[in-house]
Amino acid sequence: MLYARGGWRALRRCASLPRAVRLRVREALGAREPAEAVRVQGWVRSVRSQKEVLFLHINDGSSLESLQVVADPSLEKRDLTFGSAVEVQGKLVKSPHKMQNMELQAETINVVGPCDIWSFPLKMRERHPLEYVRQFPHLRCRNNTLGALLRIRSEATASIHSFFQDNGYVHIHTPIITSNDCEGAGELFQIEDSVEKSHFFNVPAFLTVSGQLHLEVMAGAFTHVFTFGPTFRAENSQSRRHLAEFYMVEAELSFTESLQDIMQVMEDLFKTVTSTVLSKCPRDVELFHKYIAPAQKGRLEQMLKHKFMIISYSEAVEILKQAPQTFTFKPEWGCDLQTEHEKYLVKHCGDVPVFVVNYPYDLKPFYMRDNEDGPQHTVAAVDLLVPGVGELCGGSLREERLPFLESRLQRLGLTDAYQWYLDLRKFGSVPHGGFGMGFERYLQYILGVDNIKDVIPFPRFSHSCLL
């Protein structure tokens, strides 16, 4: 009983002491009023020791800006260096510095994790180029540029989900392992038993290249569906435009007979997400537009103000044939548009995004809706081209008419493999369509980054780190 009473007295004494409130760096910088007892954790971005005062800047990834810590020199420790992890407690006060609203007057500084500055590849106050930090995939997130990118990715991801949810779409988790080759290009990562060297599931199985066909299944029960997940392409390319693994935003709309409806959703998604990122991550975006792509801010502002242009594939080919420049790939009707063609078309149209519609029938996959036109046979397909990147989105109306789909699958020898897909046209089939947008290409465009590998969290198959 005495022990119990003593315990309660101790608890009352503790309750009377000021308790340090843990704040993120972003919260501390945005605070409107000073606070007596604050605790901030993060990593040291700079250390400057003077005779009468010690200055630190610490960052925890919550913002591009670091929080200035002012301390007595007696709190300096040998392992308090650039890159070390620290916990600082003290008072949050108004900062006399014009560029910062608040600063932390430290009462205690605890080094949680020291950093060997001599072997640490990132250096204090040095602006490392993206090519340099790409060598260190396990450490590059501590670089300002990559930190800004990851915050932008996070905000853009949240905005994409919000856009679809606000517009009544149901989010579907489509399979990553599948037996479907949606694109028909055969550039697939196949899954095999590593010991038996046989099909792991007794049938050929692959990493998905698209969730579209699975979304079409769901579009037979929900009028608006979307998915947002990883997709894979086994392209043996190390170019600045290609990734083996990337994220894809895909949507399907039932009861739509107009390609214009699909294009409107694509444009609304693009503009809504971009506006949100610009408003919620202004400093992070500014870092890219200031040091990597100075002209990109103006392009985005122009894009948000204007409607996207629409031209047909046939018109695009004629524009390319009349171009004053020579292309590596000669433009001809019936041939796919190459990146050089796409970039020229965007420039020709005034450097605003351009929809190219109605592609040749033989160029596109079996599921795209036949336009029944002639003599140049086309399908109701659309690609969205953007400045500096080329194709960003691709979509189409889907072939909902059973006889048309049966005929095409039979010619391609795919009837047995896609019997389930034909079933969808037998039981309550409706006109529908959809599209997909490469998430990394979207980020590459809005930030003006030249190499797509610089907009992913981890570069794949790095020689320096098997991540």
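Side-chain atoms are counted along with the backbone in the values below, which use heavy atoms only and exclude waters and symmetry mates. Residues take their numbers from the sequence shown, with the count starting at 1. Predicted model, so just to flag it, every value in this text is computed and none were measured.
Atom OG of residue Ser46 and atom CZ of residue Phe55 lie 10.5 Å apart, to the nearest 0.5 angstrom. Between the CG atom of Leu75 and the CG atom of Leu80 there is a distance of 9.0 Å, given to the nearest 0.5 Å. Atoms SG and CD, from Cys281 and Glu286 in turn, are 12.5 Å apart once rounded to the nearest 0.5 Å. Once rounded to the nearest 0.5 Å, the distance linking NE2 of His57 with CG of Leu67 reads 8.0 Å.
Between Arg26 and Ser62 the shortest heavy-atom distance is N-OG, 3.0 Å. Contact between Leu269 and Met437 at its shortest, heavy atoms only, is CD2-CE, 4.3 Å. In terms of heavy-atom proximity, Ser66 sits nearest to Gln100 at O-OE1, 2.9 Å. Taking all atoms of both residues into account, the shortest heavy-atom contact from Cys115 to Ser84 is CB-N, 3.6 Å.
Within the 3.5 Å criterion, the main-chain N or O of Asp268 finds a donor-acceptor partner in the side chain of Thr272.
At least one side-chain heavy atom of Pro387 sits under 4.5 Å from a side-chain heavy atom of Tyr445. Counting only heavy atoms from C-beta outward, the side chains of Val449 and Leu443 never approach each other to under 4.5 Å. Within the 4.5 Å cutoff, no side-chain heavy atoms of Asp72 are placed close to those of Leu54. Under the 4.5 Å side-chain criterion, counting only non-hydrogen atoms from C-beta, Thr274 is in contact with Met303. For the pair Ser396/Val382, no side-chain contact is recorded, criterion being any heavy-atom separation below 4.5 Å from C-beta on. The closest side-chain heavy-atom distance from Gln296 to Ile446 is not below 4.5 Å. Side-chain contact between Arg233 and Phe189 is absent, with no heavy-atom pair separated by less than 4.5 Å. Here the side chains of Leu188 and Phe232 are not in contact, with every heavy-atom distance at 4.5 Å or above.
Taking the six-membered ring for Trp and thresholds of 30 and 60 degrees, Tyr132 and His128 have nearly parallel ring planes, at less than 30 degrees apart. Using cut-offs of 30° and 60° for the angle between ring planes, the Tyr313 and Tyr359 rings count as tilted.
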Query - Test ring pair (Phe, Tyr, Trp, His ring centres under 6.0 Å) applied to His432 and Phe255, step by step - result: CA-CA 5 Å; His432 63 286; Phe255 296 96; 9.6 Å; no
Report task. Apply ring pair (Phe, Tyr, Trp, His ring centres under 6.0 Å) to the pair Phe327 and Tyr344, showing each step before the final yes or no. Result -> CA-CA 10 Å; Phe327 297 105; Tyr344 179 84; 5.6 Å; yes
Query - Stepwise ring pair (Phe, Tyr, Trp, His ring centres under 6.0 Å) check, Phe226 with His161 - result: CA-CA 9 Å; Phe226 82 101; His161 280 274; 5.5 Å; yes
Query raised in the report: Could you walk me through whether Tyr442 and Phe270 pass the ring pair (Phe, Tyr, Trp, His ring centres under 6.0 Å) check?
Result: CA-CA 8 Å; Tyr442 166 75; Phe270 191 97; 5.5 Å; yes
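Between Lys364 and Asp383 there is a salt bridge, with a side-chain nitrogen of the basic residue lying less than 4.0 Å from a carboxylate oxygen of the acidic one. Salt bridge status for Glu27 with Arg24: absent, with no side-chain N to carboxylate O gap under 4.0 Å. Ion pairing between a basic and an acidic side chain is recognised when a charged N comes within 4.0 Å of a carboxylate O; Arg299 and Asp351 show no such pairing. In this structure, Lys307 pairs ionically with Glu267, as a charged nitrogen and a carboxylate oxygen lie closer than 4.0 Å. Of the charged side-chain nitrogens involved, at least one lies within less than 4.0 Å of a carboxylate oxygen, so that Glu252 and Arg398 count as a salt-bridged pair. A salt bridge does not link Glu33 to Lys94: none of the charged side-chain nitrogens sits closer than 4.0 Å to a carboxylate oxygen.
Counting non-hydrogen atoms of other residues, nucleotides and ligands closer than 6.0 Å to NZ of Lys290 gives a total of 12 or fewer. Environment of NZ in Lys347: sparse, with no more than 12 heavy atoms of neighbouring residues, nucleotides or ligands closer than 6.0 Å. Heavy atoms of other residues, nucleotides or ligands lying less than 6.0 angstrom from CD of Glu257 number 12 at most. Within a 6.0 Å sphere centred on CE of Met124, heavy atoms belonging to other residues, nucleotides or ligands number more than 12. For Tyr247, the OH atom sits in a loose shell: 12 or fewer heavy atoms of surrounding residues, nucleotides or ligands are nearer than 6.0 Å.
Side chains of Glu250 and Ser210: a donor-acceptor N/O pair is present below 3.5 angstrom, by distance only. No hydrogens or angles considered: a donor-acceptor pair under 3.5 Å links the side chains of Tyr421 and Glu216. Between the side chains of Arg45 and Asn144, at least one donor N or O sits under 3.5 Å from an acceptor N or O. Checking Asn371 against Thr378 by side-chain atom types alone, a donor-acceptor pair falls below 3.5 Å. Between the side chains of Gln89 and Glu107, no donor-acceptor pair of N or O atoms lies under 3.5 Å.
With ring centers used as reference points, Phe228 lies 6.0 Å or more from Phe164.
For the pair Arg127 and Tyr291, the distance from NZ or CZ to the six-membered ring centre is under 6.0 Å and the angle to the ring normal is within 45 degrees. Under a cutoff of 6.0 Å and an axis angle of 45°, Lys271 and Phe308 form a cation-pi pair.
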